[in-house]
Protein chains: 4
Amino acid sequence: MCSLAEEQGFETFRHAYRAAIKEVRTKIEILSEDFAVRHDYNPIHHMERRLKSPDSIEEKLERYGKEISIASAKENILDIAGIRVVCNFIDDVYAIADMLMEQNDIELVTKKDYIKNPKENGYRSLHLVLSVPVFLLNGCENVPVEVQIRTVAMDFWASLEHQLRYKKGKTLPKKVDCELKACAESSASLDVRMQRLFDEIYKSD
Amino acid sequence: MCSLAEEQGFETFRHAYRAAIKEVRTKIEILSEDFAVRHDYNPIHHMERRLKSPDSIEEKLERYGKEISIASAKENILDIAGIRVVCNFIDDVYAIADMLMEQNDIELVTKKDYIKNPKENGYRSLHLVLSVPVFLLNGCENVPVEVQIRTVAMDFWASLEHQLRYKKGKTLPKKVDCELKACAESSASLDVRMQRLFDEIYKSD
Amino acid sequence: MCSLAEEQGFETFRHAYRAAIKEVRTKIEILSEDFAVRHDYNPIHHMERRLKSPDSIEEKLERYGKEISIASAKENILDIAGIRVVCNFIDDVYAIADMLMEQNDIELVTKKDYIKNPKENGYRSLHLVLSVPVFLLNGCENVPVEVQIRTVAMDFWASLEHQLRYKKGKTLPKKVDCELKACAESSASLDVRMQRLFDEIYKSD
Amino acid sequence: MCSLAEEQGFETFRHAYRAAIKEVRTKIEILSEDFAVRHDYNPIHHMERRLKSPDSIEEKLERYGKEISIASAKENILDIAGIRVVCNFIDDVYAIADMLMEQNDIELVTKKDYIKNPKENGYRSLHLVLSVPVFLLNGCENVPVEVQIRTVAMDFWASLEHQLRYKKGKTLPKKVDCELKACAESSASLDVRMQRLFDEIYKSD
């Protein structure tokens with residue numbers, strides 16, 4: 001077992017992040033249903049949650065050259081808790097992000113827009129780190145949660161890319177790499193065309 | 001359809017209460033899991049939620065002699081949103097109540113202790129009305145939620161009593177009424193004995 | 001309320017279809033997890049279920065020129081119970097279909113392959129009607145369930161198309177119609193390219 | 001890790017039991033809902049599932065003096081897969097058991113009635129081992145599942161008893177042991193009185 005998991009208080013440390021995921025998830029569900037009630041349309045396709053494993057936390061601390069301890073993890077790692085919000089259309093991605101950032105008990109820690117500026121390999125997604133209050137037995141704690149927001153098409157591409165890297169290693173054959181990137185472009189342009197068709201629906205309303 | 005359900009904004013009105021139930025439920029789940037992580041024991045057996053039907057809201061407004069409207073319902077009815085928390089032991093009931101009331105974004109509206117002072121028919125339960133902040137598309141709203149907290153035994157008795165009244169009408173035959181009350185007493189004393197046995201577990205820790 | 005819903009035995013009639021959906025869903029979950037255990041890959045993205053409303057059943061019976069009754073619905077309508085299985089890749093669609101059709105307590109009633117032969121408007125999906133045994137209080141009954149199997153991309157297109165028709169009526173403007181069909185083609189060719197990339201993963205294993 | 005978990009095919013072995021639990025659970029849900037539709041009353045309070053850990057399987061094989069292998073576990077351990085069905089009343093326990101045993105794709109392997117003949121310590125429950133067909137990638141397999149059926153009161157007592165033994169060891173102080181048994185008796189007689197009250201509801205129907 002890794003040394004982090006053996007430190008005293010490890011389970012309560014982990015629970016705070018699990019709790020933060022629940023809080024953010026509940027906030028998003030409420031927004032999504034309120035949206036559906038008012039506009040007769042649900043912007044969210046599905047959600048996924050992820051809690052970083054002790055091993056991954058340790059590995060990241062080492063990579064950063066930081067001490068391996070719970071205190072150090074709390075300070076240096078912002079994506080221990082993660083939620084992925086998969087939306088139907090590009091506009092939904094930004095609508096969800098804006099609605100979250102407007103809530104006055106949430107603090108925006110970082111924001112990276114890989115939709116406007118895709119990664120080299122073609123990856124697209126909007127990444128926010130939000131700090132949310134969580135009420136535990138010993139009081140209220142502010143806990144960071146990474147929220148990745150993307151369309152169904154971006155999500156499908158990302159999961160294929162992840163499986164390829166996972167099975168084939170960090171550096172893919174050049175040909176595979178190019179085709180993967182080309183698929184990301186086609187997928188993105190299809191997203192734009194679908195968004196335009198969807199806008200047709202509400203145009204003359 | 002009742003007139004309340006036809007008033008404009010009825011669906012968004014209802015959604016605010018649904019959202020408040022979600023928020024309180026999430027808060028309780030977080031406390032319960034934090035408790036389990038720290039004390040290796042889960043105080044909560046299960047939870048149920050309930051949203052009062054438009055018909056029941058109207059009926060209650062009429063009984064109170066109040067106007068039938070959304071604004072009037074918001075002002076006069078405190079149990080539109082309801083959560084039932086069923087605990088293992090009596091001490092758990094008060095522990096959960098205390099932990100909720102300590103959270104600084106929650107306001108206690110009313111508290112009725114039908115465990116210390118059972119109802120005439122034998123009914124036992126702790127009733128809180130809590131006001132919680134809910135973030136909706138058009139901002140933050142404070143919404144009341146009735147939280148009924150009771151043991152498994154109290155819950156079982158209450159559901160039997162409810163079925164009997166529902167099938168047989170408000171006034172039960174005297175004999176049935178007496179036996180029902182006697183069962184409530186036996187059930188309550190069994191709860192006390194079980195609690196004492198449970199306390200044995202942690203006595204010498 | 002429609003006349004069908006008022007016929008005696010309507011609720012037990014409906015329950016048999018709900019039960020059949022559960023049975024097929026359980027069968028598919030078991031296959032999917034067995035697949036994941038053996039091949040370290042989950043072919044299914046998500047599932048949805050649908051029970052045809054009494055109104056839709058009546059409307060369909062009228063359109064077919066059939067009697068409006070429970071007995072007539074049982075005999076003439078094969079898609080009262082529906083499950084949609086959304087797969088990651090095209091090959092998964094056929095793998096799931098084959099695994100279901102091989103089970104000796106399932107009978108294949110009809111099969112329509114709209115992937116090999118897309119509908120005029122661009123719609124792609126594999127439709128099976130399967131008859132499954134369901135154990136109810138009064139014995140075992142064979143109940144038909146329509147299973148629609150498609151990829152994530154086909155599913156996204158179909159739901160956009162559905163929303164457009166629903167909001168804009170049966171006949172869309174010619175321009176919208178053409179663009180929708182063009183999106184279906186692009187989406188389908190992207191599915192093929194993604195499948196080829198995925199095959200790369202397992203090629204040299 | 002225990003040797004069983006390292007044997008090849010361990011994950012597919014485990015999956016078959018997980019699948020069997022799903023099948024039995026689905027069958028019980030269908031019966032319970034059919035019951036609710038027909039009689040306007042749901043006999044089941046809740047269900048729990050349990051998959052025996054590799055360590056517990058090994059320990060039991062050792063206790064039985066049997067070989068430690070997957071083949072041996074399949075042959076000798078009948079409670080690898082377990083479902084607990086918690087009913088409202090005693091009559092519901094037997095009703096559920098009868099409905100399951102009547103299904104012609106289920107085979108009854110063993111039946112132990114600890115309600116009619118409680119264990120020495122006061123434990124009450126009806127235990128069935130049922131063999132059910134499960135469709136996996138490589139064909140159909142018959143898998144045993146232990147089904148424990150009991151009332152809410154029996155379940156509450158059993159979980160308290162389990163916690164006491166777990167914390168305090170196999171042999172409890174004589175005083176605790178006696179009080180525990182006395183609670184089981186009180187609880188059982190309360191179950192009988194509650195059942196009689198419930199029967200009142202349907203007496204004159």
Side-chain angles (χ1 to χ4, degrees), chain A residues 39-48 86-89 92 121-122 151-169 172-205, chain C residues 39-48 86-89 92 121-122 151-169 172-205:
Chain A
H39 304 303
D40 197 19
Y41 161 73
N42 195 329
I44 293 178
H45 186 269
H46 72 279
M47 285 196 268
E48 291 163 29
V86 182
C87 295
N88 285 309
F89 295 100
D92 300 332
N121 66 354
T151 64
V152 174
M154 293 169 194
D155 187 59
F156 187 75
W157 183 90
S159 95
L160 175 59
E161 199 266 353
H162 180 80
Q163 283 173 290
L164 277 167
R165 300 254 173 232
Y166 181 80
K167 280 274 177 185
K168 293 292 176 184
L172 296 172
K174 180 111 200 196
K175 222 189 71 191
V176 173
D177 222 36
C178 281
E179 174 61 3
L180 202 49
K181 197 169 175 180
C183 283
E185 308 297 335
S186 294
S187 191
S189 82
L190 200 52
D191 255 353
V192 173
R193 291 167 73 183
M194 298 283 225
Q195 173 82 59
R196 263 189 228 129
L197 275 170
F198 180 76
D199 291 345
E200 284 289 319
I201 299 176
Y202 294 96
K203 217 177 216 163
S204 46
D205 278 17
Chain C
H39 304 303
D40 197 19
Y41 161 73
N42 195 328
I44 292 178
H45 186 271
H46 72 280
M47 285 196 268
E48 291 164 28
V86 182
C87 295
N88 285 308
F89 295 101
D92 300 333
N121 65 356
T151 65
V152 175
M154 293 171 193
D155 188 58
F156 188 75
W157 182 92
S159 97
L160 175 59
E161 199 266 353
H162 180 80
Q163 282 173 290
L164 278 166
R165 300 254 172 231
Y166 180 79
K167 280 275 176 183
K168 294 291 175 183
L172 296 171
K174 180 114 200 191
K175 220 189 70 190
V176 173
D177 222 36
C178 281
E179 174 61 1
L180 201 49
K181 197 168 175 180
C183 283
E185 308 296 335
S186 294
S187 191
S189 82
L190 200 51
D191 255 353
V192 172
R193 289 168 73 185
M194 298 282 224
Q195 173 81 61
R196 265 189 227 129
L197 276 170
F198 180 77
D199 292 345
E200 284 290 319
I201 300 176
Y202 295 98
K203 216 177 217 164
S204 45
D205 279 16

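In the text below, chain A, chain B and the rest are named by the order of the sequence lines, each starting its count at 1.
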For His162(C), does the NE2 atom sit with more than 12 other heavy atoms under 6.0 Å from it, leaving out its own atoms?
->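 No, the 6.0 Å shell around NE2 holds no more than 12 heavy atoms from other groups.
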Which bit of [X] is near chain C, if near means a heavy-atom gap under 4.5 Å: side chain, backbone, both or neither?
X         : result
Val176(A) : both
Asp40(A)  : side chain
Leu190(A) : side chain

Could you check whether the rings of His46(A) and His46(C) sit parallel, tilted or perpendicular, using 30° and 60° as the cut-offs?
-> parallel
Which region of [X], side chain (C-beta onward) or backbone (N, CA, C, O), has a non-hydrogen atom less than 4.5 Å from a non-hydrogen atom of chain A, or is it both or neither?
X         : answer
Ser187(C) : both
Ala153(C) : neither
Leu172(C) : neither

Residue selection (most heavy-atom pairs with chain A, distance under 4.5 Å) from Leu160(C), Leu180(C), Val152(C) |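 The candidate making the most pairs under 4.5 Å is Leu160(C).
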Chain C contacts, top residue of Arg196(A), Met194(A), His45(A) (heavy-atom pairs, under 4.5 Å) |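 Result: the option with the highest number of such pairs is Met194(A).
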Look up atom CG in Leu197(A) and atom CD in Gln163(C), then write down how far apart they are to the nearest 0.5 Å.
->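 Rounded to the nearest 0.5 Å, the CG-CD separation comes to 11.5 Å.
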Is there side-chain contact between Arg193(A) and Ser186(C), with heavy atoms separated by less than 4.5 Å?
->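 Of all side-chain heavy-atom pairs linking Ser186(C) with Arg193(A), at least one is under 4.5 Å.
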